[in-house]
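Below you'll find the structure, written out as C-alpha cells, and then a few comments.
First the proteins, then the strands, lettered A, B, ... as listed; each starts at 1.
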Amino acid sequence: MKNRLKVLRAERDWTQAQLADALEVSRQTVNAIETGKFDPSLPLAFKIARLFGLTIEAVFQDDVLS
Amino acid sequence: MNPPNTTPGNWTDRLKKNTIRLGYWTLAWVITLALAAFGPKFIWDYATLPGVLALLLNLAAGMGWIFANKKNLSDLDDLQRKIQLEATALSLSVAVVAGLSYELLEDIHLISFQPQISHLVILIAATYAIGLFTGNRRYQ
C-alpha cells in the first residue's frame, strides 16, 4: 500500500515526532508507515486521515489500483 | 505551520508507567519464586504451611505480572504490537519444538541427565530477545 504521509507532513512542516505524538504512536511507527515498511490498521489509518482533514483514499492508495 | 493538535507526552507517559509497573511485577514474581524455591531448605525446613503460602504468593505475583503484561501490550501502538507478536510467536514455536526434542533426548537415552525446565526458559528468553531485536531492526 502506498501513502502520501511524508508529503502531507512536509506540507504542514511537522516533524515525525510531532505527528507521532498527535497519533499516539511511536516515531518508529510513523517512519515505518512513511517508508512503506508497515501498513497501519484501519483505526490508525482513519486517525491519520482525520488529522490531515482528508479521506483515507486521499492518504493511502492500493498498490494494485495505482 | 502549527504543530498538530496534541496532548504531548500522554501516550508516552502511559507507556512509561506500564513499563515501570511491569518491572515491579516481574521483580515481585522473581522474589516470590526465589522464596518458594529456597525458603523450604534455608528458612522453614520444609514445613507445609509456609511452603503453601509461598507458592500462593508466587502464583498471585505471577497473575499480577500477566495482567501488567496484558495492559502493557494493549497500550502499545500497531507496529510495536506486531513486533511483540512476531517475537512471541518465534519464542513459542522454538520452545515447543526444542522442548519436545530435548525431552526426547532423555527418553531415547541420548543424554544421561534429566532435562531442566530452566534450560527451556533460557532458550525462550533468548529467542524472544532475538525476535524483538530483529523486529525493531526490520522496521527502523
Heavy-atom closest pair, residues A:Q28 and B:I83: NE2-CD1, 4.0 Å

Atom pair CG/CG of B:N10 and A:D21 - distance to nearest 0.5 Å: 9.5 Å

Verify same cluster id: B:W25, B:I66 (apolar side-chain graph, 4.5 Å): yes

Cluster link B:L33 to B:L56, ILVMFWY, side chain under 4.5 Å: no

Co-membership, hydrophobic cluster, residues B:Y46 and B:F42, 4.5 Å side-chain: no

Taking every non-hydrogen atom, the tightest pair across A:K37 and B:Y139: O-CE2, 3.4 Å

Minimum heavy-atom distance between A:N31 and B:Q140, given as atom pair plus value: ND2-C, 3.5 Å

Greatest number of heavy atom pairs closer than 4.5 Å to chain B - which of A:T35, A:D39, A:T29: A:T29

B:M63 atom CE: more than 12 heavy-atom contacts under 6.0 Å: no

Closest non-hydrogen atom pair between B:D78 and A:S41, with its separation: OD2-OG, 2.5 Å

Heavy atoms from other residues, nucleotides or ligands near NZ of A:K47 exceed 12 (cutoff 6.0 Å): yes

From CA spacing to verdict: side-chain contact (heavy atoms from CB on, under 4.5 Å), B:D77, A:E24: CA-CA 8 Å; B:D77 71 27; A:E24 298 200 316; over 6 Å; no

Single-linkage hydrophobic cluster, 4.5 Å side-chain cutoff, B:I124 and B:I122 together: no

